[in-house]
Novice: 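One structure, as structure tokens, below. Some questions next.
This chain uses plain numbering: 1 for the first residue, then up along the sequence. Everything numeric here is computed off the predicted structure, so don't read it as measured data.
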Amino acid sequence: MPLKNKILELQKRRELVQQGGGEKAIEKQIAMGKLTARERITSIVDKDSFNEYDLFVEHDARDFDMDKVTLAGDGVITGTGTIYGQPIGIYAQDFTVAGGSLGSMHARKITKIMDHTLKLKMPLIGINDSGGARIQEGVNSLAGYGEIFFRNTLASGVIPQISVILGPCAGGAVYSPALTDFVFVVDKISKMFITGPEVIKSVLGEEISQEDLGGAKVHSAITGNAHFYAESEQECFEQITRLLSFIPWNNIKKATKIEPKLPNTKLKIDKIIPEDAKQPYDVRDVVKCLVDNSDFFEVQEYWAANAVIGFGRIGGETVGFVCNQPLVLAGVLDCDSSDKIARFIRYCDAFNIPIITLVDLPGYLPGVDQEHAGVIRHGAKILYSYSEATVPKVTLILRKAYGGGYIAMGSRHLRADFVFAWPTAEIAVMGPEGAANIIFRKEILAAEDPEKMRKQKVQEYKEKFANPYVAASKGYIDAVIEPHETRSRVIHALEVSTYKDAGMPRKKHGLPPF
Ligand code: HXC
């Protein structure tokens, strides 16, 4: 065959596969408000940077008349590209081809790109839009999932793994995203569940829609499975590239340093803490006064909102923020916020991102519900993660730091490198009211006017302990500083932590309270 014809043949073959599941299936995809798998990839990576592999891979199933069926690219598109000119690996399941179902060759395409990303130390982006295990391929498709989960685990803490849920992600398929670092969901498009509404109806007799069972809002606000929520696919892609602008490409490289810009000068850090210690405020206002250009990228914004986590830059370098949020439940720690904080600390630690902790909390949330939900086990995760983290750790106590909350939130005792406190800090075993009621109970009961005595004792306790100076006198905090001094103090603390070597004992691995 002449060369010209061979090229024509290649072009024809390519075109055929690139049509995916065909016109009708693509129309259905569009009618559902979804982009095609190819459009999704090209919307995320740098223009013209996508290089596809394994376009001509075909499934090898024979049962259920599968030998008569050709599936374009076996329902998944894989390749490499760049974002900000830096290399990434990416795959997108193509729902127009057999519902994006995962057979053994489909899985092999994914695991091949996973192996590449791990070897070449670049982030992996996986776009999920699939009916799950390809039913006709039986155990071979289950084996494919197992191979993916194994690689997700190997790559964990080595390269960033990003999952984008842009369609159904059902059954065991949800466990690959659950093993990755960040999960992105889009309103009305994303669906994640172990057992679908039909199974729930037949087993439990309960009716529920896919949306209410495992839609984007459910996973962003209730389960915490998703880290980023978007209204549209386009917004989701912008969030992905924004995340990648903050994090390093692997666990050896540092995040790209950029020219620092000062925080917005209209924000007044000295005026954020209210006069009345019982009044709430938004801790994100403090963060915005500290980070370059007041640019803070929040993670898991809608879940466990009594804690705020996210990325920013200080002096041009990426840092991770872990904060109590006085606006929600007074910033207490509970099961969910403990999980949220602990996992984020581990992410930052794995990827050499210094951790800045902002403390203002009355402690762990009391109550039967929390105790029975395992607040002891969940709360311990924070202690474990801070103690284990060897990246630079800077802690700032803004106001309340009571009881276990004081210890847990990046205290000196869990090896914070620098601990600062504002003059508004109150560091004590518990709040003045509770403390006075317990230790002065006899005096209060015996007093002629118990209420007056109670107030007097509360005041006494406040003067003695509800300040930062007792902790400062023991060296548990390094400096009491004015709010406007904070940014320069933190920049300096990070600068002098450049060569930190925490020297942890050798072990295979510890046993965090999972
Ligand atoms: C083979 C599948 C498939 C699957 C969908 N298709 N899921 N083919 N295996 N798992 C095919 C359909 O037959 C159809 O093919 C095409 O994809 C589009 O599917 P529709 O049903 O027409 O689409 P829609 O109405 O949008 O419904 C989407 C859906 C539904 C909700 C995802 O297809 C569905 O419930 N699928 C089965 C989901 C499931 O139970 N998967 C197994 C989970 S168990 P045609 O040729 O008609 O266009 C699992 C175990 C993993 O995944 C364990 C790992 C540890």
Novice: Is there side-chain contact between Y229 and D187, with heavy atoms separated by less than 4.5 Å?
Specialist: yes
Novice: Can you name the nearest heavy-atom pair linking P260 to G316, along with the distance?
Specialist: CB-N, 3.6 Å
Novice: Verify, without hydrogens or angle tests, whether K400 (side chain) and A277 (backbone) share a donor-acceptor contact under 3.5 angstrom.
Specialist: yes
Novice: Quick one: does P483's side chain get under 4.5 Å of I272's, heavy atoms only?
Specialist: no
Novice: Tell me whether the guanidinium CZ or amine NZ of R40 lies under 6.0 angstrom from the six-membered ring centre of F237 and within 45° of its axis.
Specialist: no
Novice: List the residues meeting side chain to side chain contact (heavy atoms under 4.5 Å, CB included) with T82, not counting sequence neighbours, and say none if there are none.
Specialist: D46, S49
Novice: So which pairs with a foot in residues 488-506 pass salt bridge (Lys or Arg N to Asp or Glu O under 4.0 Å), sequence neighbours left out?
Specialist: D417-K500
Novice: Give the minimum heavy-atom separation between C348 and V391, together with the two atoms involved.
Specialist: O-CG1, 3.9 Å
Novice: By the ring pair (Phe, Tyr, Trp, His ring centres under 6.0 Å) test, which pairs, at least two apart or in different chains, include something from residues 475-503?
Specialist: H413-Y476
Novice: Judged by atom type as modelled, is there a donor-acceptor pair below 3.5 Å linking the side chain of S385 to the main-chain atoms of I345?
Specialist: no
Novice: Can you tell me if K121 uses its side chain to pair, donor with acceptor, with the backbone of L118 under 3.5 Å?
Specialist: yes
Novice: Taking W303's backbone N and O only, do any of them form a donor-acceptor pair with K340's side chain (distance below 3.5 Å, no angle check)?
Specialist: yes
Novice: Check residues 423-436 and write down every donor-acceptor pair under 3.5 Å in which the side-chain atom is one partner and the other belongs to a residue at least two apart or another chain.
Specialist:
residue : atom : partner : partner atom : Å
T424    : OG1  : L398    : O            : 2.7
E426    : OE1  : Y402    : OH           : 2.3

Novice: Applying side-chain hydrogen bond (donor to acceptor under 3.5 Å, both in side chains), name anything that partners E147, two or more places apart in sequence or on another chain.
Specialist: R151
Novice: When rounded to the nearest 0.5 angstrom, what is the spacing between CD1 in I444 and NZ in K452?
Specialist: 14.0 Å
Novice: Do K457 and R454 have side-chain heavy atoms sitting under 4.5 Å apart?
Specialist: no
Novice: Tell me, please, which residues at least two apart from T223 pass side-chain hydrogen bond (donor to acceptor under 3.5 Å, both in side chains).
Specialist: H219, N225
Novice: Strictly below 4.0 Å, N to O, side chains only: are K191 and E211 in salt-bridge contact?
Specialist: yes
Novice: Tell me, do P248 and I353 make a side-chain contact under 4.5 Å, heavy atoms counted?
Specialist: yes
Novice: Determine, stepwise, if the pair N324 / V283 fulfils side-chain contact (heavy atoms from CB on, under 4.5 Å).
Specialist: CA-CA 7 Å; N324 308 119; V283 75; over 6 Å; no
Novice: Please enumerate all residues that pass side chain to side chain contact (heavy atoms under 4.5 Å, CB included) together with N152, with sequence neighbours excluded.
Specialist: M114, I148, F149, Q161, S176, L179, T180
Novice: Just wondering, do L244 and W249 contact through their side chains at under 4.5 Å, heavy atoms?
Specialist: yes
Novice: What is the distance from atom NZ of K381 to atom CZ of R343, rounded to the nearest 0.5 Å?
Specialist: 11.0 Å
Novice: Taking NZ, NE, NH1 and NH2 as the nitrogens, is one of them in D295 or R242 under 4.0 Å from a carboxylate oxygen of the other?
Specialist: yes
Novice: Could you pull out all residues at least two apart from F351 that satisfy ring pair (Phe, Tyr, Trp, His ring centres under 6.0 Å)?
Specialist: Y347
Novice: Once you round to the nearest 0.5 Å, how far does OG1 of T498 lie from CD of E317?
Specialist: 7.5 Å
Novice: Short question: side chain of E233, backbone of V186 - any donor-acceptor pair under 3.5 Å?
Specialist: no
Novice: For the pair D292 and R487, find out whether any cationic side-chain nitrogen is under 4.0 Å from an anionic carboxylate oxygen.
Specialist: yes
Novice: Would you call K278 and D276 a salt bridge, taking side-chain N to carboxylate O under 4.0 Å as the test?
Specialist: no
Novice: Does atom CD (E259) have a neighbourhood of more than 12 heavy atoms from anything else shown, all under 6.0 Å?
Specialist: no
Novice: Is it true that a side-chain atom of N250 and a backbone atom of V158 form a donor plus acceptor pair closer than 3.5 Å?
Specialist: no
Novice: Has E298 got a side-chain atom pairing as donor or acceptor with V308's backbone, closer than 3.5 angstrom?
Specialist: no
Novice: So, for C236 and V164, which heavy atoms are closest and what is the spacing to 0.1 Å?
Specialist: SG-CG1, 3.6 Å
Novice: Does the separation of the ring centres of F311 and F344 fall below 6.0 angstrom?
Specialist: yes
Novice: Can you tell if the side chain of L494 reaches within under 4.5 Å of the side chain of I356, non-hydrogen atoms only?
Specialist: yes
Novice: Determine whether more than 12 heavy atoms belonging to other residues, nucleotides or ligands lie under 6.0 Å from atom OH of Y84.
Specialist: yes
Novice: Restricting to non-hydrogen atoms, name the atom on A408 and the atom on L333 that form the minimum distance, rounded to 0.1 Å.
Specialist: CB-CD1, 4.2 Å
Novice: Under 4.5 Å between any side-chain heavy atoms of P354 and V394, yes or no?
Specialist: no
Novice: Kindly compute the distance separating CG (L290) from OG (S488), expressed to the nearest 0.5 Å.
Specialist: 10.0 Å
Novice: If you measure from CD1 on I41 to OG1 on T78, what distance do you get to the nearest 0.5 Å?
Specialist: 8.0 Å
Novice: Which atoms form the tightest heavy-atom contact between V319 and I314, and what is the distance?
Specialist: CG2-CG1, 4.0 Å
Novice: Taking atom CZ as the centre, does R412 end up with more than 12 heavy-atom neighbours from other residues, nucleotides or ligands that are less than 6.0 angstrom away?
Specialist: yes
Novice: Please list all pairs meeting side chain to side chain donor-acceptor pair (under 3.5 Å) that have one or both residues in residues 355-366, counting only residues at least two apart or in different chains.
Specialist: Y281-D360, T357-Y386, D360-R399
Novice: Within the structure provided, determine whether S245 and F297 are in side-chain contact (heavy-atom separation under 4.5 Å).
Specialist: no
Novice: For F465, what residues pass the ring pair (Phe, Tyr, Trp, His ring centres under 6.0 Å) criterion, not counting sequence neighbours?
Specialist: Y461
Novice: Has S338 got a side-chain atom pairing as donor or acceptor with I382's backbone, closer than 3.5 angstrom?
Specialist: no
Novice: Give the minimum heavy-atom separation between N352 and K254, together with the two atoms involved.
Specialist: O-CE, 3.9 Å
Novice: Give the C-alpha distance, both sets of side-chain angles, the deciding distance and a yes or no for side-chain contact (heavy atoms from CB on, under 4.5 Å) between K217 and V185.
Specialist: CA-CA 8 Å; K217 289 198 173 94; V185 290; over 6 Å; no
Novice: Is it the case that the side chain of D181 and the backbone of I162 share a donor-acceptor pair, with hydrogens and angles ignored and the cut-off at 3.5 Å?
Specialist: no
Novice: Determine whether more than 12 heavy atoms belonging to other residues, nucleotides or ligands lie under 6.0 Å from atom CD1 of I439.
Specialist: yes
Novice: Without swapping roles, check the side chain of K268 against the backbone of T265 for a donor-acceptor pair under 3.5 Å.
Specialist: yes
Novice: Could you go step by step and tell me if H378 and V375 meet the side-chain contact (heavy atoms from CB on, under 4.5 Å) rule?
Specialist: CA-CA 5 Å; H378 291 281; V375 71; 5.5 Å; no
Novice: In chain order, what residues pass the side-chain hydrogen bond (donor to acceptor under 3.5 Å, both in side chains) check against K462, with sequence neighbours excluded?
Specialist: none
Novice: Rounded to the nearest 0.5 Å, what's the gap from CZ on F420 to CD1 on I481? Could you check?
Specialist: 5.5 Å
Novice: List in chain and number order the residues that pass side-chain hydrogen bond (donor to acceptor under 3.5 Å, both in side chains) with W422, two or more places apart in sequence or in another chain; answer none if no residue qualifies.
Specialist: T486
